[in-house]
Number of protein chains: 2
Amino acid sequence: MRKVLGDSNKMKETTRQKLIDATYEEVYSNGYQGAALADILAKAGVHKGSMYHFFANKKEMALAAIQEKISNRFFERYGKIVALKRGYLDEFFSGLRDISQRDFKRGCPIANIVQEMSNIDEDFNTAMKSIYSQFRSNIKMIFDKAVEVGELAQCDTDKLALFTTVALEGAILSAKASGEPQDFVDSVEILIHYIESYKHG
Amino acid sequence: MRKVLGDSNKMKETTRQKLIDATYEEVYSNGYQGAALADILAKAGVHKGSMYHFFANKKEMALAAIQEKISNRFFERYGKIVALKRGYLDEFFSGLRDISQRDFKRGCPIANIVQEMSNIDEDFNTAMKSIYSQFRSNIKMIFDKAVEVGELAQCDTDKLALFTTVALEGAILSAKASGEPQDFVDSVEILIHYIESYKHG
DNA sequence: GATAAAGTTGACTATTTGGTCAAGTGGTAT
DNA sequence: ATACCACTTGACCAAATAGTCAACTTTATC
């Protein structure tokens, strides 16, 4: 089977994808250092040698998994909002209020890796820097759009985006630490109230 | 040497203390799973068998290290403030603004362990729950005192303390992720500004 | 000084870790 | 049909892992 960019092959990307999926799950659950290769392979149903055909080592595979999975997540979550013509803030807020998709036991996949790896490994540091900055600029884009259509007054959307990501990450961590999803809910309401104070110039 | 509670022995708590110190450092730097017993022992200058005389296993030692070190930290940082007669907020804010003691590379020792271990190990989960709740109640105590002496208007200090811890943890994480201490500084200024909005009823 | 307890030493073990590799399989193009 | 290729298989390896243990030294107590 030839690998061609933009190929219509549905099959045979399966092995690589199974590895990406299993790696992401195991790393999300146990951390990078705690994710055993043997467990990843078992979960993926892929043999070791086969894995080393696709990836140079555990680290490369984990980095690929994190980047691909989180890129998709961003696209699904924020791509949608930015594509709107109005109601940016409403859509953003209702996403924040919907806790049904959130996993408070495991917390934020980005924050987990940042905390664990950023000060240990330069490659992880670089990767997470980039992902975190994407996260922030996604939020900023929403606020910029909101300013554009008058849902927000002119303001420093960069700082507002910074504080929003800060509060969100903190809220997820708090819920993980306390075991109380309500901590997240309460924090988000305060955050939303704060953002709304920028509605009137 | 007999171990007597409240003994005046200065020496010979050294071995245990060396282990606690080294464990805390290694765990703070590498995470619990990434902290190798051999490295801890080397850093402490203590032999393995000696360590197992004081602690049942790596986990017990790590839990002891985290609890003791962080308790001390809380006492030093917040005990001071609560003991004041006035200027609670000023003192609290100036502590937040002083970044000279902060280690943005490694981030928050509490958050690191929460993220890594809370969903993996029940004993860690319990310990970190308790520590995180102490953190929050320390902050709340400051706000309660501030209300008492009129530095803050009557308000829901519990929610305010929640949001403050959330913003602080998020700010530290953000600085770690981006590598920019300025992100922490900016976030803290926004947070302080928010808290100050409660000065006038 | 005898006794006992507290603390120390470092070699040893069993297991798990990530990684290697030579031999195979099966599809595709010529 | 044959030669080539991407892909698979699983046995193997060296290093690192946490934990054990019997013998030893030091200290306190009488």
Side-chain angles (χ1 to χ4, degrees), chain A residues 1-24 26-27 29-66 116-117 120-121 123-124, chain B residues 1-24 26-27 29-66 116-117 120-121 123-124:
Chain A
M1 173 95 28
R2 190 74 55 77
K3 213 174 107 185
V4 178
L5 224 86
D7 202 332
S8 69
N9 291 328
K10 15 186 166 261
M11 288 299 286
K12 277 311 161 204
E13 188 64 357
T14 52
T15 296
R16 197 190 117 94
Q17 196 56 44
K18 274 191 271 183
L19 283 168
I20 291 287
D21 293 346
T23 300
Y24 180 79
E26 284 296 304
V27 170
S29 290
N30 303 103
Y32 172 72
Q33 293 174 313
L37 212 42
D39 294 345
I40 295 174
L41 296 172
K43 171 166 283 188
V46 170
H47 290 270
K48 188 169 276 194
S50 199
M51 174 224 135
Y52 278 96
H53 174 75
F54 288 98
F55 301 100
N57 47 45
K58 181 191 172 188
K59 187 165 116 177
E60 295 306 316
M61 182 165 69
L63 286 170
I66 293 164
E116 183 191 1
M117 299 303 296
I120 291 182
D121 183 282
D123 296 319
F124 272 95
Chain B
M1 170 103 21
R2 189 78 53 77
K3 214 174 109 184
V4 178
L5 225 86
D7 203 331
S8 67
N9 292 327
K10 359 168 185 271
M11 289 299 285
K12 276 312 162 204
E13 187 65 357
T14 53
T15 296
R16 186 184 187 278
Q17 196 56 45
K18 276 191 271 184
L19 284 167
I20 291 286
D21 293 347
T23 301
Y24 180 79
E26 284 296 304
V27 169
S29 291
N30 303 104
Y32 172 71
Q33 292 174 312
L37 212 40
D39 294 345
I40 295 174
L41 295 172
K43 170 165 285 188
V46 170
H47 290 269
K48 189 168 275 193
S50 199
M51 173 224 136
Y52 278 97
H53 174 75
F54 288 99
F55 301 100
N57 48 45
K58 182 191 172 189
K59 187 165 115 178
E60 295 305 317
M61 182 165 70
L63 286 171
I66 293 164
E116 184 191 1
M117 299 302 296
I120 290 181
D121 183 281
D123 295 319
F124 272 96

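Within every chain, numbering begins at 1; the chains are lettered A, B, ... in the order of the sequence lines, protein sequences first and strands thereafter.
Across all strands shown, A56(A) has no heavy atoms under 4.0 Å from either base or sugar-phosphate atoms.
Rounded to whole Å, the distance from CG on L19(B) to C1' on dG19(D) is 15 Å. Taking atom CD of Q33(A) as the reference point, atom C1' of dT17(D) lies 13 Å away to the nearest angstrom. Whole-Å rounding puts the M51(A) CE to dC21(C) P distance at 15 Å. One interatomic measurement links the two molecules: NZ of K59(A) to P of dG18(C), which rounds to 14 Å at whole-angstrom precision. Summarising the geometry, the separation between NE2 on H53(B) and P on dG7(C) is reported as 4 Å, rounded to the nearest angstrom. In this structure, H47(B) atom NE2 and dG10(C) atom P are separated by 4 Å, rounded to whole Å. We find that CD of Q17(B) is positioned 17 Å from C1' of dG7(C), with the value rounded to whole Å. If you take CG of L37(B) and P of dT13(C), they are 19 Å apart, rounded to a whole angstrom.
Minimum atom distance to the side chain of A36(A) is reached by dG18(C), of the listed dT8(C), dG18(C), dA18(D). Between dC7(D), dT8(C), dG19(C), one nucleotide has an atom nearer to the side chain of K58(A) than all others, and that is dG19(C). Closest to the side chain of S50(B), out of dT8(C), dG19(D), dT9(D), is dT8(C).
Taking only distance into account, the side chain of K48(A) meets the base of dG19(C) through a donor-acceptor pair shorter than 3.5 Å.
Between T15(A) and dC7(D) there is no side-chain N or O to OP1 or OP2 distance below 4.0 Å.
Among L37(A), D39(A), L41(A), the one residue that satisfies the side-chain contact (heavy atoms from CB on, under 4.5 Å) test with E26(A) is D39(A).
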Could you walk me through whether D121(A) and K59(A) pass the salt bridge (charged side-chain N to carboxylate O under 4.0 Å, His left out) test, one step at a time?
-> CA-CA 10 Å; D121(A) 183 282; K59(A) 187 165 116 177; 2.9 Å; yes
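At least one donor-acceptor pair under 3.5 Å links the side chain of E116(A) to the backbone N or O of Q33(A). Side-chain N or O atoms of T23(A) include one that pairs as donor or acceptor with a backbone N or O of L19(A) at under 3.5 Å.
A cation-pi geometry, defined here as NZ or CZ lying under 6.0 Å from the six-membered ring centre and within 45° of its normal, holds between K58(B) and Y32(B).
Place G49(A) and Y32(A) on DNA chain C by their nearest nucleotides, and Y32(A) ends up nearer the 5' end.
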